[in-house]
Amino acid sequence: MCTKTLNLVKRDPWNVIEKWFEEGKHFIYWDDISDLQEKLKDVAENYENYESIVDAAHKRVYNFEIDKMFDIMKKGELVI
């Protein structure tokens with residue numbers, strides 16, 4: 001079951017999420033607590049501005065069939 005969610009991701013030096021998702025299209029980075037608080041406030045007040053990101057991420061995840069994910073893991077391309 002895939003659920004819809006707005007992914008707010010802590011920016012880090014590895015940016016692993018960018019192997020599968022595009023920043024601004026599928027998720028939003030945050031850099032520090034102040035930045036996160038500002039983003040959360042904006043999302044709460046203007047959720048309609050983020051619905052396209054939620055929908056795009058949902059469609060992207062829905063296309064990750066479990067068999068494809070197992071193949072990726074077997075090849076060592078996905079580290080969990």
Side-chain angles (χ1 to χ4, degrees):
M1 175 182 197
C2 293
T3 60
K4 289 187 173 184
T5 188
L6 177 62
N7 294 293
L8 299 174
V9 178
K10 172 72 169 95
R11 190 183 314 269
D12 60 40
W14 304 279
N15 301 323
V16 174
I17 193 169
E18 292 179 17
K19 285 186 174 185
W20 299 281
F21 301 98
E22 184 179 330
E23 178 186 6
K25 181 176 181 181
H26 302 114
F27 73 95
I28 297 171
Y29 274 128
W30 58 276
D31 295 302
D32 55 35
I33 295 300
S34 175
D35 185 38
L36 177 60
Q37 289 172 331
E38 288 175 25
K39 286 185 167 94
L40 288 171
K41 183 175 188 276
D42 191 56
V43 169
E45 293 174 356
N46 303 291
Y47 183 75
E48 64 279 358
N49 295 340
Y50 297 91
E51 287 180 299
S52 63
I53 296 173
V54 172
D55 290 338
H58 175 75
K59 288 176 187 172
R60 180 85 171 128
V61 169
Y62 194 78
N63 288 328
F64 288 143
E65 296 174 12
I66 194 68
D67 292 338
K68 291 179 187 175
M69 294 304 290
F70 281 134
D71 288 342
I72 290 170
M73 286 188 281
K74 286 178 190 175
K75 292 177 187 174
E77 297 171 4
L78 176 66
V79 178
I80 298 177

Tell me, please, which residues at least two apart from [X] pass side-chain contact (heavy atoms from CB on, under 4.5 Å).
X: Glu51; result: Tyr47, Glu48
X: Asp35; result: Trp30, Asp31, Asp32, Lys39
X: Leu6; result: Leu8, Ile28, Val43, Tyr50, Ile53, Val54
X: Lys25; result: Glu22, Ala56

Report task. With sequence neighbours left out, write down each residue that passes side chain to side chain donor-acceptor pair (under 3.5 Å) with Asn46, or none if nothing qualifies. Result ->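 With sequence neighbours excluded, Asn46 shows a side chain to side chain donor-acceptor pair (under 3.5 Å) to Asp42, given in chain and number order.
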Query raised in the report: Can you list the residues that meet the side chain to side chain donor-acceptor pair (under 3.5 Å) rule with Glu23, with sequence neighbours excluded?
Result: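 Listed in chain order: nothing, the list is empty.
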Query raised in the report: Can you get from Tyr29 to Ile33 by hopping between Ile, Leu, Val, Met, Phe, Trp and Tyr side chains that sit under 4.5 Å apart?
Result: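 Cluster IDs for Tyr29 and Ile33 differ.
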Query raised in the report: Per the side-chain contact (heavy atoms from CB on, under 4.5 Å) rule, which among Lys59, Arg60, Glu18, His58 passes with His26?
Result: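 Output: one option passes, namely Arg60.
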Query - Validation row: Trp20, Val61 side chains within 4.5 angstrom (heavy atoms) - result: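 Answer no - side chains too far apart.
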